[in-house]
Enquirer: 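Please find one structure pasted underneath; my questions will follow.
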Amino acid sequence: EFIRFFFNSLIIALTTTFTALFLGSLAAYGFSRFKFRGSFWLRMSSLVPQMLPPITIIVPLYVLFNGLDLIDTRQALIIAYLTFTIPFSIWMMIGFFDDVPVELEESAMIDGCTRFGALLRISLPIAAPGLTATTIMNFLYCWNEFLYAVILTGRDARTLPVTITSFMTNKAILWGRIAASGSMVLIPVLIFALFTQRYLIHGLAKGAVKG
């Protein structure tokens, strides 16, 4: 069943990553371009889930998902992971959108682009390093997450980090299986990191320097 749990982790991580990237980028663009009453406090409130220890969030989430009959489903983990990947995506992308000159978007809108068209054709290509860095970080967070997965899943939606701990029983610790499964979990991440490390370093460095 290791393959089934592998695909659980892959589907949950990819779905969460791209959902958080889509919603977080739109929210970050709004915070970067539009100033309205309470925008600062609304932006700061998005950090609240990041400030709280995960154990304080998992209890109400468990009660909620249990009432909705979503325990031990992929949907429950995806929703739970969005509570920390969306705020991270917002704050990562705000800095990149702030670096995109507003004049470029205004020129595109004068030439006939809508606001959304200017976002797609101008801002997102310029902020591509930030999108790449945010995607990589979100994927790694979801791939390695353990606390939410061990509490919200049982047998059907189990992920790889939880699967590895199942080899530690009250009778014996199966070191061989732990080492083998740990290596198999690590290999996809290493391959992914080798192919994307240049984009990750470039994106993080560009987002850390203004101007």
Side-chain angles (χ1 to χ4, degrees), residues 12-65 67-68 70 75-142 145 148 199-211:
I12 291 169
L14 289 177
T15 304
T16 305
T17 296
F18 289 109
T19 302
L21 188 67
F22 175 74
L23 298 177
S25 296
L26 292 179
Y29 181 78
F31 285 129
S32 176
R33 290 294 183 263
F34 304 107
K35 304 301 178 183
F36 51 90
R37 185 185 298 274
S39 62
F40 173 78
W41 294 111
L42 182 61
R43 182 171 62 180
M44 294 299 294
S45 66
S46 67
L47 281 178
V48 172
Q50 294 284 75
M51 298 176 182
L52 297 174
I55 194 64
T56 62
I57 302 177
I58 192 64
V59 175
L61 283 179
Y62 183 88
V63 174
L64 175 64
F65 293 145
L68 297 174
L70 288 177
Q75 293 89 334
L77 275 186
I78 291 170
I79 296 172
Y81 289 172
L82 288 175
T83 61
F84 60 84
T85 53
I86 288 180
F88 177 80
S89 300
I90 291 174
W91 281 90
M92 279 286 289
M93 292 306 302
I94 283 177
F96 289 98
F97 284 132
D98 285 342
D99 287 341
V100 177
V102 180
E103 292 78 11
L104 294 178
E105 295 180 2
E106 292 175 347
S107 298
M109 287 187 285
I110 290 174
D111 290 337
C113 271
T114 61
R115 169 69 71 174
F116 190 69
L119 170 63
L120 292 179
R121 292 180 171 87
I122 304 299
S123 298
L124 287 180
I126 296 176
L131 291 172
T132 304
T134 306
T135 300
I136 297 169
M137 297 300 293
N138 280 338
F139 180 82
L140 293 179
Y141 286 157
C142 297
E145 203 282 325
Y148 290 92
Y199 302 101
L200 175 62
I201 295 172
H202 179 63
L204 293 177
K206 187 174 181 180
V209 181
K210 298 289 289 183

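Heads up: numbering here begins at 1 and tracks the sequence.
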Enquirer: How long is the span from the CG atom in Leu119 to the OG1 atom in Thr114, to the nearest 0.5 Å?
Expert: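 Output value for this atom pair is 9.0 Å.
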Enquirer: For Val102, check side chain to side chain contact (heavy atoms under 4.5 Å, CB included) against everything at least two apart and list the hits.
Expert: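 Residues passing side chain to side chain contact (heavy atoms under 4.5 Å, CB included) with Val102: Arg33, Glu106.
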Enquirer: With ring-ring contact (aromatic ring centres under 6.0 Å, His included) as the rule and sequence neighbours excluded, what pairs involving residues 30-62 come up?
Expert: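 Pairs touching residues 30-62 that pass the test: none.
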Enquirer: Can you tell me if Thr83 uses its side chain to pair, donor with acceptor, with the backbone of Ala80 under 3.5 Å?
Expert: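 Pair found, side chain donor or acceptor close to backbone of Ala80.
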Enquirer: Test side-chain contact (heavy atoms from CB on, under 4.5 Å) on Ile126 and Leu104; report intermediate values, then the result.
Expert: CA-CA 11 Å; Ile126 296 176; Leu104 294 178; 3.7 Å; yes
Enquirer: Under 3.5 Å, side-chain donor or acceptor atoms of residues 20-30 against the rest of the protein: list the pairs with distances, not counting sequence neighbours.
Expert:
residue : atom : partner : partner atom : Å
Ser25   : OG   : Leu21   : O            : 2.6
Tyr29   : OH   : Glu105  : OE1          : 2.8
Tyr29   : OH   : Glu105  : OE2          : 3.4
Tyr29   : OH   : Arg115  : NH1          : 3.1

Enquirer: Taking all heavy atoms of Cys113 and all of Ala118, pick out the closest pair and write down the distance.
Expert: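 Looking at all heavy atoms of both residues, the shortest contact is CB-N, 4.1 Å.
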Enquirer: What is the distance from atom CE of Met44 to atom OG of Ser39, rounded to the nearest 0.5 Å?
Expert: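 With rounding to 0.5 Å, CE (Met44) is 12.0 Å from OG (Ser39).
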Enquirer: What are the two closest non-hydrogen atoms of Trp91 and Ser46, and how far apart are they?
Expert: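 In this case the closest contact between Trp91 and Ser46 is NE1-OG, 3.2 Å.
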Enquirer: Which atom pair, heavy atoms only, marks the closest approach of Thr134 to Gly130?
Expert: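 Shortest heavy-atom contact: OG1-O, 2.7 Å.
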Enquirer: CG/Leu61 to CD1/Ile79 distance, rounded to the nearest 0.5 angstrom?
Expert: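 Rounded to the nearest 0.5 Å, the CG-CD1 separation comes to 9.0 Å.
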Enquirer: Going by side chain to side chain contact (heavy atoms under 4.5 Å, CB included), name the residues that satisfy it together with Pro53, two or more places apart in sequence or in a different chain.
Expert: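 By the side chain to side chain contact (heavy atoms under 4.5 Å, CB included) rule, Pro53 matches Ile55, Thr56.
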Enquirer: Do the non-hydrogen side-chain atoms of Thr17 and Thr85 ever get within less than 4.5 Å of each other?
Expert: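 No - every pair of side-chain heavy atoms lies 4.5 Å or more apart.
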Enquirer: Looking only at non-hydrogen atoms, find the nearest pair between Pro129 and Phe96 and report the distance.
Expert: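 Looking at all heavy atoms of both residues, the shortest contact is C-CE2, 4.4 Å.
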Enquirer: Can you run down the salt bridge (charged side-chain N to carboxylate O under 4.0 Å, His left out) pairs that involve residues 49-65, sequence neighbours left out, and say none if there aren't any?
Expert: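 Of all non-adjacent pairs touching residues 49-65, none passes salt bridge (charged side-chain N to carboxylate O under 4.0 Å, His left out).
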Enquirer: Would a 4.5 Å heavy-atom cut-off, applied to side chains only, mark Met93 and Leu131 as touching?
Expert: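 The answer is yes, as the side chains (C-beta and beyond) meet within the 4.5 Å cut-off.
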Enquirer: Please enumerate all residues that pass ring-ring contact (aromatic ring centres under 6.0 Å, His included) together with Phe84, with sequence neighbours excluded.
Expert: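 In terms of ring-ring contact (aromatic ring centres under 6.0 Å, His included), with neighbours along the sequence ignored, Phe84 is linked to Tyr81, Tyr148.
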Enquirer: Hey, does Gln75 have a side-chain heavy atom less than 4.5 Å from the side chain of Phe65?
Expert: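 Result no, sub-4.5 Å side-chain heavy-atom pair not found.
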Enquirer: Among side-chain atoms of Thr16 and Asn138, is any donor-acceptor pair under 3.5 angstrom?
Expert: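 Short answer, no.
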Enquirer: To the nearest 0.5 Å, what is the distance between CD1 (Ile78) and CD1 (Ile12)?
Expert: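 If we round to the nearest 0.5 Å, Ile78:CD1 and Ile12:CD1 are 6.0 Å apart.
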